[in-house]
Amino acid sequence: MHIRIIYIGFLSFLFLVSCKPETQVAEISINKPRAKVPAIEVDSTFSYLEKQLSFGYRIPGTKEHENCKDWLVSKLESFGLEVKVQKFESKIFTGAIMPGYNIIAQLNPKHSRRVLLAAHWDTRIIADKDPNEENHDDPIMGADDGASGVAALLEIARTLSKNPIDLGVDFILFDVEDQGDMHGEANTWALGSQHWSKNKVPKNYNADFGILLDMVGAKGARFGKEGYSMQYAPQIVNKVWKLAQNMGYADFFQDYNSGGIADDHLYMNQAGIPSIDIISIPNPENSESSFGFYHHTLADNIGIIDKRTLKVVTQVVTAVLYRHSDGTLQ
Ligand SMILES: [Zn+2]
């Protein structure tokens with residue numbers, strides 16, 4: 001991920017919200033007992049991150065990418081999920097053709113109430129923001145940009161598999177997200193989610209809401225309220241942030257507006273699923289740079305990962321699921 005696109009004005013956001021139908025997020029089932037939120041294991045989360053890195057660069061079209069895909073599929077299956085792989089071909093901005101695999105895994109596939117969790121699993125082919133120009137043609141390891149979100153989702157899947165939940169939960173690992181043109185159009189990014197939004201798997205898929213995770217594992221991570229999330233799903237953003245703050249994580253989940261990021265959640269929203277982005281972006285009022293210093297550089301390696309960041313995000317999203325399952329996410 002990518003480029004900060006626009007700052008969404010508050011008035012346009014109000015207008016859009018007033019035109020959208022109410023989602024069913026606030027629905028409360030009166031007789032349901034309050035679900036217990038299980039604790040995630042940060043060492044397990046971290047091991048899923050390290051494992052992805054052990055394959056090497058996960059660049060679409062390479063053997064390393066193929067091997068990582070096979071491992072992701074088998075890992076999700078080992079948690080008892082129903083896994084489908086959506087293969088597609090995409091042309092990136094350089095004209096190169098990249099084969100892509102969106103990995104879709106479902107828990108409780110027959111449940112009528114569902115939540116969609118997503119992250120991208122490919123890593124960028126070029127470190128074109130590296131401070132050393134000689135490195136601009138080299139790939140990035142994507143410890144944070146890619147692997148952190150996937151690791152959090154794997155740990156959530158593992159936790160859910162051991163702690164039954166009265167909810168359908170779907171995981172999509174999108175591919176070919178991070179091969180876009182830094183100086184070009186927003187739609188050169190997120191090619192896997194663009195493909196999925198026009199060719200949903202499962203067919204006619206829908207969910208109460210969606211959460212995208214990207215760059216959720218670095219030291220000093222800060223999560224502001226992202227522009228498209230506030231445009232399409234402000235009530236979800238506010239509930240998730242309030243829950244996180246009530247859990248004691250107000251230092252991570254802050255109330256500043258972090259600007260609009262044309263990321264996978266944009267296409268999840270365009271596919272009709274109100275979706276939010278949890279993505280580390282410094283407060284624009286205090287920072288010139290859109291993302292962390294390591295973004296799209298060789299420094300995006302295991303050295304910038306902080307287990308506490310990984311733990312906070314993984315635990316908050318887990319809590320969101322159980323709170324939504326019993327109707328107490330408010
Ligand atoms: Zn990226």
Side-chain angles (χ1 to χ4, degrees), residues 1-5 49 52-53 55-62 64-65 68 90 92-94 96 98 100-102 118-131 135-153 172-195 212-224 226-229 258-268 277-282 287 289-305 309-310 313:
M1 206 341 12
H2 333 47
I3 42 176
R4 179 179 289 166
I5 306 299
L49 189 152
Q52 293 171 75
L53 271 49
F55 291 102
Y57 307 109
R58 285 86 67 210
I59 300 164
T62 64
E64 292 84 350
H65 179 259
C68 186
S90 51
I92 68 165
F93 75 98
T94 59
M98 283 188 170
Y101 304 100
N102 291 329
H120 79 87
W121 72 277
D122 64 311
T123 52
R124 186 160 179 76
I125 191 169
I126 44 173
D128 47 353
K129 283 174 69 184
D130 199 276
N135 296 333
H136 283 192
D137 290 335
D138 294 340
I140 68 166
M141 188 45 85
D144 198 34
D145 195 355
S148 65
V150 172
L153 295 195
I172 304 188
L173 309 182
F174 288 118
D175 203 358
V176 203
E177 186 271 1
D178 218 358
Q179 316 303 335
D181 183 357
M182 187 165 72
H183 307 291
E185 298 292 324
N187 66 6
T188 60
W189 303 87
L191 301 186
S193 54
Q194 290 192 53
H195 178 82
L212 176 70
L213 303 181
D214 197 5
M215 298 196 282
V216 292
K219 288 171 190 154
R222 291 292 175 265
F223 308 107
E226 184 273 336
Y228 290 109
S229 310
S258 57
I261 307 296
D263 206 351
D264 290 325
H265 71 304
L266 177 60
Y267 303 101
M268 291 156 65
D277 199 2
I278 300 179
I279 181 166
S280 180
I281 304 174
S287 173
S289 113
S290 293
F291 300 102
F293 72 92
Y294 58 86
H295 181 245
H296 294 180
T297 75
L298 300 194
D300 186 356
N301 58 46
I302 197 76
I304 51 105
I305 297 299
T309 308
L310 270 183
V313 174

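Whatever order the structure lists ligands and atoms in, that order sets their numbers, starting from 1.
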Within less than 2.8 Å of the Zn ion (ligand 1), any N, O or S from His296? yes
Exam field: side chain Asp138 to backbone Ala127, donor-acceptor pair closer than 3.5 Å: no
Can you name the N, O or S atom of Asp145 that is closest to the Zn ion (ligand 1)? OD2
Within less than 2.8 Å of the Zn ion (ligand 1), any N, O or S from Asp178? yes
For the backbone of Asp300 and the side chain of Asp144, can you confirm whether one donor and one acceptor N or O come within less than 3.5 Å of each other? no
Qualifying residues under side-chain contact (heavy atoms from CB on, under 4.5 Å), relative to Thr62, sequence neighbours excluded: Ile59, Glu64, His65
Has Asp214 got an N, O or S atom lying less than 2.8 Å from the Zn ion (ligand 1)? no
Look at the rings of His296 and Trp189 and say which category their plane angle falls in: under 30° parallel, 30 to 60° tilted, over 60° perpendicular. parallel
